[in-house]
There are 2 protein chains.
Amino acid sequence: MIVDDILIVDATGEKTVGANPDISDVAALIADPSRASMLMVLLGGQTLLASELARIAGITPQTASSHLAKMVDRHLLTVESRGRHRYFRLASPEVAHALESLTTIAAPLKVRSLRQSDQAKALRFARSCYDHLAGEVGVAVTTKLMKRQWLILEEGNFTITDVGISGFADLGVNMLDLSSRRRAVARPCLDWSERRHHVAGSLGAALATRFFDLEWIRRTPSTRAVTITAKGSAGLRQYFGIQVEDLRADTP
Amino acid sequence: MIVDDILIVDATGEKTVGANPDISDVAALIADPSRASMLMVLLGGQTLLASELARIAGITPQTASSHLAKMVDRHLLTVESRGRHRYFRLASPEVAHALESLTTIAAPLKVRSLRQSDQAKALRFARSCYDHLAGEVGVAVTTKLMKRQWLILEEGNFTITDVGISGFADLGVNMLDLSSRRRAVARPCLDWSERRHHVAGSLGAALATRFFDLEWIRRTPSTRAVTITAKGSAGLRQYFGIQVEDLRADTP
DNA sequence: ATCATACTTCGATGATAACCGAATGGTTGC
DNA sequence: GCAACCATTCGGTTATCATCGAAGTATGAT
């Protein structure tokens, strides 16, 4: 393997990239619009029934079943059977990460219907990104955390300051990952709608969990979109000085 | 958008996820084996000719041309025409990132031929990952950097220490990103073959560039694989105490 | 000018797979 | 037990698209 001359390959017609992991296989799974829409909803972090996913994708249960089987087979999803129901969710954070990174290079969708534009607005406003908060609200919170110096974006990485640690503690956010006894990780995640970073990683997840627990935010049944409750609006104003109403600058 | 009750959607048969960016579209591009193999080679960071890509993918120039046009169209690739030649490369780091993240969830390839297994070994040993170094060598270097405390892996992020700054300077690695005047970013990137992190980001890129300049490593014409020169073997031993020959523990 | 090279466009073919209707397998409730 | 429900399996239809041969365009060399 240690050579001083350039290694000339090929000669036979054999494909020279055969040794790479086969991306096309996974991509083919995501390539189908029905499956993609299921995956996007599941990227919200929820676990959903086969029938719900069928309705969301706009296909019959038979077709959905076939799709879901394939995705479970290739370890994109996991199933849990409870009685006659089957609950599906994303198989791992890696899958979520791959899906999220695809959204950053996906063509922005042109609006067709009024409904769709409303949905788009809701998504851009606030949505869950697997286990943390994204969209305008997610970015606004992150920005505030940086202004308050709870987080410092340094060299493309988030660092949690001492001020931040006590601040998050006051808020009731669990800073210890109990299973591994390690401190929370704050990872920057590029927001496809805002084109700015929001907090992901275990800190991002803990923060989102806390917001759900406080009932500041709520999931919507079959979307990634998240709604801000009146409680949340007050809480965000009180704790972070964020005026949720002002946020909604209807920038398309 | 601020509500206190759960918003019930749907009713019509319309797809409820229409507002998400269309992932399936991009995924469909990657889903084709010929296109995927082209992308994987280009993930090596090189710029290649249409004819080279055709040969690599094992298809005729006509077919390749059609594929390449689609990928340029959808902004996965960029072209540069020089005379009758057309040079293709990945369009952006985002594309590289998306491809890399797909490899982490792609099914590991089972070996077919001896050639392929040799290629797989070469790839696992050392390869370029868009702009930085990956594989056993990449991970070994990263590990050494951490042991020497040039880098600290903290909360899932790399921090460059003062020791590291002077160390990299000694090595001739450019720590200033001249265009933006910001210090280099060390981003952890999960290695699909080693399942451990190696250094990416602008520091990773600068390091790899330096290795190429020093002629420690060399690209192979139509693969992502990288070879270590005799110079490189000596240099890695001298500067980092890495025994390249020992590294090659033929773990499948 | 003429030929060779690098790449493209067009048209036809063939293979793959998404889709639904119909029927089957389990689970729950009355 | 029977009925209602959730989900799966199977078979046939249809549409999409990768592929290559043939022909065309532009560039470069002789």
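Values below: all heavy atoms of this structure, side chains included; hydrogens, waters and symmetry mates excluded. Here the structure is a predicted model, which means the values were calculated and not measured. The sequence lines fix the lettering, A, B, ..., with proteins before strands; numbering per chain opens at 1.
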K.L.:
Nearest whole Å is fine: how far is C/dA17 P from A/L29 CG?
P.N.:
10 Å
K.L.:
Which of these nucleotides, C/dC19, C/dT8, D/dT8, is closest to any side-chain atom of A/S65?
P.N.:
D/dT8
K.L.:
Taking CD from B/E52 and P from C/dC7, how many angstroms apart are they, rounded to a whole number?
P.N.:
8 Å
K.L.:
Between B/F88 and A/H67, name the one whose nearest nucleotide on DNA chain C is closer to the 5' end.
P.N.:
B/F88
K.L.:
Provide, to the nearest angstrom, the distance between the CG atom belonging to B/D32 and the C1' atom belonging to D/dT16.
P.N.:
13 Å
K.L.:
Compile the donor-acceptor pairs under 3.5 Å between side chains in residues 39-48 of chain A and protein atoms, sequence neighbours left out, one pair per line.
P.N.:
residue, atom, partner, partner atom, Å
A/Q46, NE2, A/T223, O, 2.8

K.L.:
My understanding is that only residues two or more places apart in sequence, or in another chain, count here; which of them pass side chain to side chain contact (heavy atoms under 4.5 Å, CB included) with A/L49?
P.N.:
A/S51, A/E52, A/H85, A/Y87
K.L.:
Tell me which residues in residues 68-80 of chain B put a heavy atom below 4.0 Å from DNA chain D, sorted by number, or none.
P.N.:
B/K70
K.L.:
Are B/E100 and B/R224 close enough for a salt bridge, meaning some N to O gap below 4.0 Å?
P.N.:
yes
K.L.:
Applying side chain to side chain contact (heavy atoms under 4.5 Å, CB included), name anything that partners A/V26, two or more places apart in sequence or on another chain.
P.N.:
A/L76, B/I105, B/A106
K.L.:
D/dA7 phosphate, OP1 or OP2: any side-chain N/O from A/S51 under 4.0 angstrom?
P.N.:
yes
K.L.:
Looking at residues at least two apart in the chain, or sitting in another chain, which of them share a ring-ring contact (aromatic ring centres under 6.0 Å, His included) with B/H132?
P.N.:
B/H198
K.L.:
Compare side-chain N and O positions of A/S66 against OP1 and OP2 of C/dC19 and report whether any pair is under 4.0 Å apart.
P.N.:
no
K.L.:
Figure out the CG/P separation between B/L53 and C/dT8, and round it to whole Å.
P.N.:
11 Å
K.L.:
Mind checking what makes side chain to side chain contact (heavy atoms under 4.5 Å, CB included) contact with A/L190, not counting sequence neighbours?
P.N.:
A/T104, A/H197
K.L.:
Any pair with a residue in residues 85-95 of chain A that passes salt bridge (charged side-chain N to carboxylate O under 4.0 Å, His left out), sequence neighbours left out, goes on the list, sorted by first then second residue, please.
P.N.:
A/E80-A/R89
K.L.:
For the backbone of B/E215 and the side chain of B/T229, can you confirm whether one donor and one acceptor N or O come within less than 3.5 Å of each other?
P.N.:
yes
K.L.:
For residues 23-45 of chain A, which residue pairs qualify under salt bridge (charged side-chain N to carboxylate O under 4.0 Å, His left out), counting only residues two or more places apart or in two chains?
P.N.:
A/D25-A/R74
K.L.:
Please determine if a side-chain N or O atom of B/R35 lies less than 4.0 Å away from the OP1 or OP2 oxygen of D/dA18.
P.N.:
yes
K.L.:
Does the protein touch nucleotides 20-30 of chain C at the base, only the backbone, or not at all? Give it as B, S and - per nucleotide, heavy atoms under 4.0 Å.
P.N.:
BBB----BS--
K.L.:
What protein N or O atoms touch nucleotides 11-13 of chain C N or O atoms at under 3.5 angstrom, if any, and at what distances?
P.N.:
none

K.L.:
Please identify each residue that fulfils side chain to side chain contact (heavy atoms under 4.5 Å, CB included) with B/A206, with sequence neighbours left out.
P.N.:
B/V173
K.L.:
Who pairs with A/F88 by ring-ring contact (aromatic ring centres under 6.0 Å, His included), at least two apart in sequence or on another chain?
P.N.:
none
